[in-house]
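One structure is given here, and the rest of the page talks about it.
Indexing begins at 1, ligand by ligand and atom by atom, following the structure's order. Bear in mind that the values here come from a model prediction, so they are computed numbers and not experimental data.
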Amino acid sequence: MTTTPWHERAAVLRLDGRAFIDGKRVDAASSARFDCLSSVDGRKLAEVARCGEAEVDAAVAAARAAFEDRRWAGKAPAERKKVLVRFADLMLEHRDELALLETLDMGKPIRYSRGVDVQLAQNCIRWYGEAIDKLYDQVAPSPEDSLALITREPVGVVAAVIPWNYPMLMAAWKIGPALAAGNSLVLKPSEKAPLSSLRLAELALEAGVPPGVFNVLPGYGDEAGRALGLHMDVDCIAFTGSTRVGKQIVQMAGQSNLKRAWTELGGKSANIVCADCPDLDAAVSAAIGAIYFNQGESCNAPSRLFVEASIKDAFLDKALALVPRFAPGDPLNEDTVMGAIVDAVQMKTVLGYIASGKEEGARLLAGGTQARIDSGGLYVEPTLFDGVDGGMRIAREEIFGPVLSVLSFTDLDEAVRQANATPYGLAAAVWTADMSRAIRTARALRAGTVHVNQYDNDDITVPFGGYKQSGNGRDKSLHAFDKYTELKTTWIQV
Ligand code: NAD
């Protein structure tokens, strides 16, 4: 193994797995802990507090007290802005440390942890901080003898439950708008990648977010997550994760206090390449880059590729030439572009789908096996199946790994019908030089984001979320404030 400066920094990194409640690092009341393993090489990184009902009660009580005494909600928006901008600055000051935590915890290449995840996460916090003192409320068209005000107020105590694939960024998508709007927050990171969220809470405190306003509870989904979902004093739960658990979250809200439940869930996104695609090289590069980025562990990964039959061979030749560039490597090496799968459970799932693709008759053209077994980590080759039929499991179910399913079509309407024949509706793309065709297709695709002649554009200024069972509500952009604010109408007699 080649040792890089990142290995040396990793060896001396301070790791603290204690929860963060009311501005302090604390163990679980029961002292229960679980082992946090590195995806890079399987070694134990830290013991992490295994939070459950007791810690959820304590964190929600701290968040409620902070909300009631207005120590944060009562600050002028310009004051909240200053603190959040300082928080974002601190994230940049600690950029290498945060990037290392992310890479060690969930296996993504350090070049992306540092260049993409920390960068986007701090930008998200900064953007919502910058936005909050520029938003105006409304005066309704009122009769002369009265005045009707329409104002936005924070919902109160927000719980956020997030996944492991972009731990820091998913946290930031909740923290930014929830805190900017004046709420108190209890964040439960995934048990598979809790470390960056815990460190963010310390940096937020240092930046001036008052104790109790931002709490982090590491723990398992059916313990800490469930306790948050069922809690009677949580006003809103913002969930990002699988569709299976998202459905449970909505049920828990209904079983308890009807807390607002927002869900950002799974996907099986379709990428449609027509024969008149204006730039085949760009289409190939986007299709391959987007499915293998983050080891295929992206909710919006274009995992179903529909290529018009007349260009399929040319497309596949170019695609197969690119695949080896994504061979998994040591995530702590700056040249690596594909890292480790998060854990053994996820790798078993991915390899299981690869086996099912073979059994159901798809043609395996690349990858298909585990890699870097001696590393102690869990790595899977970038995998490409051709000859996929819409009925196969690899075409229907979210794999959440580096597996691309290629289907072909001769009739665009039929391709769109198949693209929409899924319970999911997160993202989609169409490639064609005919703009009318592009617009018609974009309108017909049932997805929260549709790309035309590209796949990877993204920005904090645009909403992100799904149609159908990919969830409700939207993260990012000013629309995210809809999740974390209540609209109040005030009638005043004049
Ligand atoms: P998951 O649903 O297994 O877990 C997500 C979170 O929910 C974790 O914190 C987990 O501990 C918690 N949880 C699990 N069971 C729970 C329960 N019974 N009650 C309360 N909480 C519970 O998902 P995952 O494997 O962490 O993440 C992968 C999924 O997330 C994929 O489906 C992916 O598409 C989706 N995702 C969606 C978006 C989006 O914005 N739409 C973004 C990233 C990931």
Atom indices of ligand 1, in the order listed, that fall short of 4.0 Å to a heavy atom of Met252: 19 (N)
Close approach of Ile249 to ligand 1, heavy atoms, under 4.0 angstrom: yes
Contact check, Tyr166 vs ligand 1, heavy-atom distance below 4.0 Å: no
Gly225 N/O under 3.5 Å from ligand 1 N/O: no
Closest protein heavy atom (residue, atom, distance) for atom 12 (C) of ligand 1: Val161 CG1, 3.6 Å
Ligand 1 N/O within reach of Gln248 N/O, cut-off under 3.5 Å: yes
Centroid separation Tyr220 to Phe34 less than 6.0 Å: yes
N/O donor-acceptor pair under 3.5 Å between Asn294 side chain and Gly296 backbone: no
Protein heavy atom at shortest distance from atom 41 (N) of ligand 1: Leu265 O, 2.8 Å
Residues Glu102 and Ser196: side-chain donor-acceptor under 3.5 angstrom: yes
Taking atom 26 (O) of ligand 1 as the reference point, the nearest protein heavy atom with its distance: Trp164 CD1, 3.1 Å
Nearest-contact summary for atom 35 (C) of ligand 1 - protein heavy atom, Å: Gly241 O, 3.2 Å
Lys108 and its side chain to side chain donor-acceptor pair (under 3.5 Å) partner, picked from Asp117, Thr336, Asn165: Asp117
Distance from atom 17 (C) of ligand 1 to nearest protein heavy atom, with residue and atom: Gly221 O, 3.4 Å
Test of proximity, Glu191 against ligand 1: N or O pairs below 3.5 Å: yes
Shortest protein contact, atom 7 (O) of ligand 1 (heavy atom only): Phe239 CE1, 3.2 Å
Donor-acceptor side-chain pairing of Asn271 and His451 below 3.5 angstrom: no
Selected option - heavy-atom contact closest to atom 34 (O) of ligand 1, from Lys192, Glu398, Gln251, Arg226: Glu398
Basic-acidic side-chain contact under 4.0 Å: Glu97, Arg199: yes
Heavy-atom protein neighbour under 4.0 angstrom from atom 4 (O) of ligand 1: no
Close approach of Ser190 to ligand 1, heavy atoms, under 4.0 angstrom: yes
Any N or O of Gly219 closer than 3.5 Å to N or O of ligand 1: no
Ser269 (side chain) donor-acceptor with Ala427 (main chain) under 3.5 angstrom: yes
Residue pair Lys247 / Gln469, side-chain donor-acceptor N/O under 3.5 Å: yes
Close approach, Asp475 and ligand 1, non-hydrogen under 4.0 angstrom: no
Worked check of side chain to side chain donor-acceptor pair (under 3.5 Å) between Thr103 and Tyr112: CA-CA 9 Å; Thr103 287; Tyr112 297 135; over 6 Å; no
Axial cation check for Tyr379 ring with Arg372, 6.0 Å and 45° limits: yes
pair Thr240-Thr263: side-chain heavy atoms closer than 4.5 Å: no
Contact partition for Met170 relative to ligand 1, non-hydrogen atoms under 4.0 Å: side chain
Nearest-contact summary for atom 2 (O) of ligand 1 - protein heavy atom, Å: Ser242 OG, 2.6 Å
Within the 6.0 Å centroid threshold, strictly below: Tyr128 and Phe481: yes
Pair Tyr353-Glu397, side-chain donor/acceptor within less than 3.5 Å: yes
Electrostatic pair Arg260:Asp235 at N-O distance under 4.0 angstrom: no
Thr243, Ile162, Val345: member with heavy atom nearest to atom 9 (O) of ligand 1: Ile162
Asn165: numbered ligand 1 atoms lying under 4.0 Å from its heavy atoms: 43 (C), 44 (C)
Protein contact to atom 28 (C) of ligand 1 [nearest heavy atom, distance to 0.1 Å]: Phe400 CE2, 3.5 Å
Check: Pro163 N/O within less than 3.5 Å of ligand 1 N/O: no
